[in-house]
S.K.: 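One structure, as C-alpha cells, below. Some questions next.
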Amino acid sequence: MDFGYPQNLSPEILKLYITQEGVRSPFSSKPSDKPVQNATLQVTGAVGWRREGLVYKKNEVFLDIVESVNLLMSSKGSVLRCDVTGKILMKCFLSGMPDLKLGLNDKIGLEKESQLKSRPPKSGKTIELDDVTFHQCVNLTRFNSEKTVSFVPPDGEFELMKYRITEGVNLPFRVLPTIKELGRTRMEVNVKVKSVFGAKMFALGVVIKIPVPKQTAKTSFQVTSGRAKYQAAIDCLVWKIRKFPGQTEPTLSAEVELISTMAEKKSWTRPPIQMEFQVPMFTASGLRVRFLKVWEKSGYNTVEWVRYITKAGSYEIRC
C-alpha cells in the first residue's frame, strides 16, 4: 500500500503478506512453515510476478489453447455471423528465472521474422489475430519490435494471452435442418449434422437442441447415432452424441404431434437450433504453436506439453 492506495494486486505477491500462523496441533509431525520472504523485494523488483529461488525436480510447461466458436447460420447454410474467441493458458513448473519465447503461426509475427532473417516466409497457413491482450509478464517492447511473445512466466497457472479472430474460421460442424409443418397437428423434423474436421479426430459431448412448438403432445425418433428425447421443460428435441468422429454425417428424423387448440393460432417463431460440443486437438482459428523455447542460466532440460481444444460458444443455426 502507498498512502492507502494499492500499488500491486498480483495474488502471488499478496500471499506473501499473509503472515498469520494457523493453529497447529502439538502432536503434528509436520515441520514448521518456512519464514516469509521479503515481500518488498517482490514489489520493487523488475519481475514482481515471480519470486526468486524456485526449484523443481522436473521442469515442465503445459500450454493449453482453448477456443470458443460463435456462429449464426441461416437455414440454407450461409454464415451470417462468425468469430472465434481464444485464450492461451499456461502452467509453469520451472526452476530459477527462465526466459520463454513463444512462436505462433500469426501473419504479423511470421512476416516480421522473415524480415529479420531476410528470407521469404515459408508457405503455410497464417492467421490474423484481432484484439490481442497479453498478461503483464509479456515484454511488449519486444513484441512491438520483433513481434515475438517473450516473457518471464509467473509460477503456476496463468492466462498468457486472449485473442479474437473473425476471418478464415474453420467451422467444426455444419447443420442442415428441414422442418415441415403438416397442417395444424403434425410436423416432420429432419436434421443432418456433418463434422468437417479430420477423420482421425472426434468431438465429445455433442448436444443438438432442436426447438419444437409449446403444444407438442407426442414425438417419435429415428437417429443414426447417439440418443434423442423430447424435453418439455425447454420445448426442444435434445439429441446427444457422446463421441462424434470426424467426416461423418449422422441424421435425425422425428415426427411431432401437436395439440390442436381452438384459440387464435399464432405462427410459430422457429427459434434457432443450438449446439454444444468440445473438439480436442482442433482449433477453429487455425492457430498453431510453432515453438516454445526456454532459456535459463543453469541450462536445464524442459518438457513442453501443448494441447488444443475447441468449444461451442453461441453456436446457432436458423431453421
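Scope of the values below: all heavy atoms of this structure, side chains included, with no hydrogens, waters or symmetry mates.
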S.K.: Is there a donor-acceptor pair under 3.5 Å between the side chain of S68 and the backbone N or O of A312?
M.R.: no

S.K.: If you define the side chain from C-beta out and look only at heavy atoms, does anything of E296 sit under 4.5 Å from T302?
M.R.: no

S.K.: Which heavy atom of C92 sits nearest to which heavy atom of P153, and what is that distance?
M.R.: SG-CB, 3.7 Å

S.K.: Are any side-chain N or O atoms of Q247 and backbone N or O atoms of F197, one a donor and one an acceptor, separated by less than 3.5 Å?
M.R.: yes

S.K.: Taking atom CD of Q136 as the centre, does the number of heavy atoms from other residues, nucleotides or ligands within less than 6.0 Å exceed 12?
M.R.: yes

S.K.: Could you walk me through whether L102 and L63 pass the side-chain contact (heavy atoms from CB on, under 4.5 Å) check?
M.R.: CA-CA 10 Å; L102 177 68; L63 200 65; 3.9 Å; yes

S.K.: Between OH of Y163 and CD1 of I127, what distance do you get to the nearest 0.5 Å?
M.R.: 6.5 Å

S.K.: Between E60 and K91, is a salt bridge (Lys or Arg N to Asp or Glu O under 4.0 Å) present by the stated rule, with each step listed?
M.R.: CA-CA 8 Å; E60 293 179 300; K91 268 187 190 175; over 6 Å; no

S.K.: Would you compute the distance between atom CD of E276 and atom CG of L204 and round it to the nearest 0.5 angstrom?
M.R.: 13.5 Å

S.K.: Considering non-hydrogen atoms only, spot the tightest contact between V79 and C82 and give its length.
M.R.: CG1-CB, 3.6 Å

S.K.: Would N139 and T148 satisfy side-chain contact (heavy atoms from CB on, under 4.5 Å), going step by step from the backbone distance to the final call?
M.R.: CA-CA 9 Å; N139 187 333; T148 56; over 6 Å; no

S.K.: If I take atom CG from residue L176 and atom CD1 from residue I317, how far apart are they, to the nearest 0.5 angstrom?
M.R.: 9.5 Å

S.K.: Could you give the distance from CD1 (I210) to CG (D235), rounded to the nearest 0.5 Å?
M.R.: 13.5 Å

S.K.: Checking the side chain of E67 only, and the main-chain atoms of S285 only, is there a donor and an acceptor separated by less than 3.5 Å?
M.R.: yes

S.K.: Does NZ or CZ of R242 fall inside the cone over F202's six-membered ring, less than 6.0 Å from its centre and within 45° of the axis?
M.R.: no

S.K.: Specify the closest pair of heavy atoms between E249 and K192, including all atoms of both residues, with the distance to one decimal.
M.R.: OE1-CD, 3.1 Å

S.K.: Of the non-hydrogen atoms in V223 and A228, which two are nearest, and what is the gap between them?
M.R.: CG1-CB, 4.0 Å

S.K.: Using side-chain heavy atoms (C-beta onward) and a distance below 4.5 Å, is V193 in contact with W239?
M.R.: yes

S.K.: Between V256 and F221, is there shared hydrophobic-cluster membership here, with clusters defined by ILVMFWY side-chain heavy atoms closer than 4.5 Å?
M.R.: yes

S.K.: With a 4.5 Å heavy-atom cut-off, do D131 and T133 have their side chains touching?
M.R.: no

S.K.: Can you measure from CD (E157) to CZ (F93) and round to the nearest 0.5 angstrom?
M.R.: 8.0 Å

S.K.: Pair N59, V294 - check side-chain contact (heavy atoms from CB on, under 4.5 Å), show working.
M.R.: CA-CA 10 Å; N59 294 288; V294 181; over 6 Å; no

S.K.: Measuring only between side-chain heavy atoms, which start at C-beta, is H135 closer than 4.5 Å to P154?
M.R.: yes

S.K.: Between F291 and K101, is there a side-chain heavy-atom distance shorter than 4.5 Å?
M.R.: yes

S.K.: Does any part of the side chain of R50, heavy atoms only, come nearer than 4.5 Å to the side chain of C137, both counted from C-beta?
M.R.: no

S.K.: If we check side chain to side chain contact (heavy atoms under 4.5 Å, CB included) with M73, which of these qualifies: R81, R318, R174?
M.R.: R174

S.K.: Are F277 and F244, when compared by the centres of their aromatic rings, separated by less than 6.0 Å?
M.R.: no

S.K.: Taking C-beta and beyond as the side chain, do V138 and M161 meet within less than 4.5 Å on heavy atoms?
M.R.: no

S.K.: If the plane angle is over 60° it's perpendicular, under 30° parallel, otherwise tilted; pick one for F62 and W305.
M.R.: parallel

S.K.: For the residue pair L171 and V196, establish whether any side-chain heavy-atom pair is separated by less than 4.5 Å.
M.R.: no

S.K.: After noting the C-alpha distance and the side-chain angles of Y308 and L287, does the key distance pass the side-chain contact (heavy atoms from CB on, under 4.5 Å) rule?
M.R.: CA-CA 9 Å; Y308 303 91; L287 186 75; 5.9 Å; no

S.K.: Judged by atom type as modelled, is there a donor-acceptor pair below 3.5 Å linking the side chain of S78 to the main-chain atoms of S74?
M.R.: no

S.K.: Ignoring hydrogens and angles, tell me if any N or O in the side chain of S95 forms a donor-acceptor pair with the backbone of Y56 under 3.5 Å.
M.R.: yes

S.K.: Using a distance-only test with no angle check, is there a side-chain donor-acceptor pair under 3.5 angstrom linking N190 and S253?
M.R.: yes

S.K.: Between T310 (side chain) and F282 (backbone), is there a donor-acceptor pair under 3.5 Å?
M.R.: yes

S.K.: Checking side-chain hydrogen bond (donor to acceptor under 3.5 Å, both in side chains) against R288, which of T283, N105, D106 comes through?
M.R.: T283

S.K.: Could you tell me the separation between the CD atom of E257 and the CG atom of L182, rounded to the nearest 0.5 Å?
M.R.: 11.5 Å

S.K.: Which heavy atom of T166 sits nearest a heavy atom of D83, and at what distance?
M.R.: CG2-CB, 4.0 Å

